[in-house]
Each structure stands twice: as C-alpha cells, then as structure tokens.
Undergrad: 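After the structure tokens below, expect a handful of questions from me.
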Amino acid sequence: MSTPALTVVAVAVAVAWAVHGCWLARRLRTARRDPLTGLWTRDAFTRRARRLLRNRHAVVVLADVDHFKQVNDTHGHAAGDALLAATAARLTHAVGRSGVVGRLGGDEFAAILIDRDATAADRFAVLSRVLARPLDTAPEVHTSVSLGWVRRSDRPDENLSALLRRADEAMYAAKHGPSRVRRATLGRLLAGLTGRRPGRRSAA
C-alpha cells in the first residue's frame, strides 16, 4: 500500500476512534444525569460536591418538595413530574455556574453553592419564594419547598455526608416550622452517629 493510501487509512481510523470516544463520553454523561430533571445523579453529584467543599465559602443545601404525594394524588403524575423539573431548574438558576445541584431521589435535591459575599440567608429567602410559585404549565399546582442549609466554614472538619445530615436536620425542622428555610444549628447532630432521622434515607 502506498504512503498516501496509508495516510488516508490512518486518518480514517483516527476519526473513527474520535467519534467512538465522543459517543462513549456522551453515554457516560447521560448515565450520570437524572432523565427527568437533567440534574446530576447522587454519585455524580457527590464527586463534584466534594471538590467544591474545598472552598471555605461553600454552602450545603438540601431541598424537599412539600406535600409532593398530595400533588401526585390530586393533579396526577404528569403534574408531579413537571413540579420536579421546575424545582430543579429554579434551584440550578439560583446556585449558578459555580455550584452544583443533584437529585438525590424522589422529591429531594441537594446543592453546593459558593457564597463569597455571605448573602446565603437572603438568597435562600428569595429562593423559597421562587420555589413556591405556581408552574407556568400547571398553574393549579400550589406547594412549597423546604430548605435546610449549613456553611462549610461552620463545620470545617466535617465531610460531605455529615454536612448533608446537618442540612437535612435543618430542612426537616423547616418543614415543620413557620419558615420554609432553616440554617443548621452549631450544636451536635441530633440524630446521633448515623445522622438519620426517621424515614430518611442515608445522604451521600
């Protein structure tokens, strides 16, 4: 085979491998994304969240849709899916490109945002109102989303799992209190070593 022909073959093989590599990368990204919301799945979120926690300005947030079963029972699963997708989009917008949002399962979401200007409390107050807005596609659906959060700087020695548990406790308190937003206390983990409240799945 002549040199030009060999060159053509080599280029064709290289192009084929490049296309195959892009296809594999796309499949891998798809596998790490929740098909309904487009958010990172639990494992993919965890990897990115751990990197972001190296930043002392990081804030860990847990969000849980209130009365989600009632929405499904009253308006149907299509409305429930639309609510989850809208919640995911609103969280993603609020967190911004410097953070990460994931769907942990069901109607529960987690996020890490970078709060360099220490305005997290104000941002979450606004976010709570945004999350409670009716859906454009289903204006009859009315509910709220409970938020629990903790600053990385409050617990610099704790890992992601412990911080998520603290945010979870705060979120659970918000769900049963007058406000839908609650910052984690500086006290000990109320749920003990496992950090699990009744009915709560393990975080990440």
Side-chain angles (χ1 to χ4, degrees), residues 34 37-66 83-105 107-133 143-193 195-197 200-204:
D34 172 58
T37 64
L39 297 181
W40 296 110
T41 57
R42 179 184 293 265
D43 289 343
F45 167 79
T46 298
R47 284 192 290 272
R48 288 160 178 79
R50 285 173 175 160
R51 289 198 294 269
L52 287 176
L53 283 180
R54 297 170 189 166
N55 190 321
R56 63 187 180 88
H57 298 293
V59 174
V60 180
V61 191
L62 268 181
D64 190 87
V65 179
D66 300 322
L83 176 59
L84 292 177
T87 299
R90 291 167 178 176
L91 281 170
T92 300
H93 179 76
V95 168
R97 294 185 178 182
S98 62
V100 63
V101 184
R103 184 183 180 194
L104 299 186
D107 58 328
E108 188 172 64
F109 304 87
I112 309 289
L113 62 87
I114 305 302
D115 181 37
R116 293 185 178 87
D117 52 2
T119 59
D122 293 335
R123 291 168 67 177
F124 293 141
V126 173
L127 175 60
S128 179
R129 294 193 292 271
V130 170
L131 292 172
R133 291 175 183 168
T143 189
S144 55
V145 177
S146 295
L147 301 171
W149 62 283
V150 60
R151 291 188 185 280
R152 176 57 164 154
S153 57
D154 289 345
R155 297 289 174 177
D157 298 327
E158 292 186 350
N159 62 18
L160 175 63
S161 293
L163 292 170
L164 282 170
R165 289 195 295 270
R166 291 187 182 279
D168 178 66
E169 287 183 350
M171 182 270 293
Y172 189 70
K175 190 176 288 288
H176 294 84
S179 172
R180 285 293 175 263
V181 183
R182 180 71 66 90
R183 181 177 178 178
T185 66
L186 295 177
R188 65 182 178 85
L189 276 171
L190 300 179
L193 294 177
R196 296 181 66 182
R197 56 174 166 80
R200 169 77 162 91
R201 299 179 304 279
S202 177

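This one's a predicted model, so the numbers in the text were calculated from it and none came from an experiment.
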Undergrad: Of all the heavy-atom pairs spanning A88 and T37, show the shortest one and how long it is.
TA: CB-CB, 3.6 Å
Undergrad: How long is the span from the CD atom in E108 to the CG atom in L164, to the nearest 0.5 Å?
TA: 9.0 Å
Undergrad: Can L62 and W149 be said to form a side chain to side chain contact (heavy atoms under 4.5 Å, CB included), step by step?
TA: CA-CA 6 Å; L62 268 181; W149 62 283; over 6 Å; no
Undergrad: Please list, chain by chain and in numerical order, all residues satisfying side-chain hydrogen bond (donor to acceptor under 3.5 Å, both in side chains) with R180, sequence neighbours excluded.
TA: D66, S144
Undergrad: Closest heavy-atom contact between V150 and A184?
TA: CB-CB, 3.8 Å
Undergrad: Could you tell me the separation between the CZ atom of R103 and the CG atom of D34, rounded to the nearest 0.5 Å?
TA: 4.5 Å
Undergrad: Please list, chain by chain and in numerical order, all residues satisfying ring-ring contact (aromatic ring centres under 6.0 Å, His included) with F109, sequence neighbours excluded.
TA: none
Undergrad: If we count only N and O atoms by modelled type, under 3.5 Å, do the side chains of T119 and D117 hold a donor and an acceptor together?
TA: yes
Undergrad: Is a salt bridge present between R166 and E158, judged by a nitrogen-to-oxygen distance below 4.0 Å?
TA: yes
Undergrad: Could you check whether any side-chain N or O of T87 sits under 3.5 Å from a backbone N or O of L83, counting only pairs where one atom can act as donor and the other as acceptor?
TA: yes
Undergrad: Please report the shortest heavy-atom distance between V181 and S128, naming the atom on each side.
TA: CG2-CB, 3.6 Å
Undergrad: Rounded to the nearest 0.5 Å, what separates atom CG in D168 from atom CE in M171?
TA: 4.5 Å
Undergrad: First locate atom CZ of R48, then atom CG of L53, and finally report the distance between them rounded to the nearest 0.5 Å.
TA: 14.0 Å
Undergrad: State whether the side chain of R152 and the backbone N or O of L52 hold a donor-acceptor pair below 3.5 Å, judged by distance alone.
TA: no
Undergrad: For a side chain to side chain contact (heavy atoms under 4.5 Å, CB included) check, start with the C-alpha distance between R182 and L147, then their side-chain angles and the critical distance, and finish with the verdict.
TA: CA-CA 6 Å; R182 180 71 66 90; L147 301 171; over 6 Å; no
Undergrad: If every non-hydrogen atom of S146 is compared with every non-hydrogen atom of A174, which pair is closest and at what distance?
TA: OG-C, 4.2 Å
Undergrad: Passes side chain to side chain contact (heavy atoms under 4.5 Å, CB included), W40 versus T46? Steps please.
TA: CA-CA 9 Å; W40 296 110; T46 298; over 6 Å; no
Undergrad: Evaluate the side chain to side chain contact (heavy atoms under 4.5 Å, CB included) criterion for residues R47 and R50: first the C-alpha distance (whole Å), next the side-chain angles of each, then the deciding distance (0.1 Å), finally the verdict.
TA: CA-CA 6 Å; R47 284 192 290 272; R50 285 173 175 160; 5.7 Å; no
Undergrad: Is there a donor-acceptor contact under 3.5 Å from the side chain of R90 to the main chain of A132?
TA: no
Undergrad: Which atom pair, heavy atoms only, marks the closest approach of P156 to S153?
TA: CD-O, 3.4 Å
Undergrad: Using the side-chain hydrogen bond (donor to acceptor under 3.5 Å, both in side chains) criterion, which residues pair with R183? Sequence neighbours excluded.
TA: D154
Undergrad: Indicate yes or no: at least one non-hydrogen side-chain atom of I112 is less than 4.5 angstrom from one of F45.
TA: yes
Undergrad: Between D107 (side chain) and D64 (backbone), is there a donor-acceptor pair under 3.5 Å?
TA: no
Undergrad: How many angstroms lie between CZ in R56 and CZ in R116, if you round to the nearest 0.5 Å?
TA: 10.0 Å
Undergrad: So, taking the atom named CG in L113 and the one named NE2 in H57, what distance separates them when rounded to the nearest 0.5 Å?
TA: 12.5 Å
Undergrad: Please examine the side chains of L39 and L91, heavy atoms only from C-beta on, and report whether any two atoms are closer than 4.5 Å.
TA: no
Undergrad: Which atom pair, heavy atoms only, marks the closest approach of K175 to V65?
TA: NZ-O, 3.8 Å
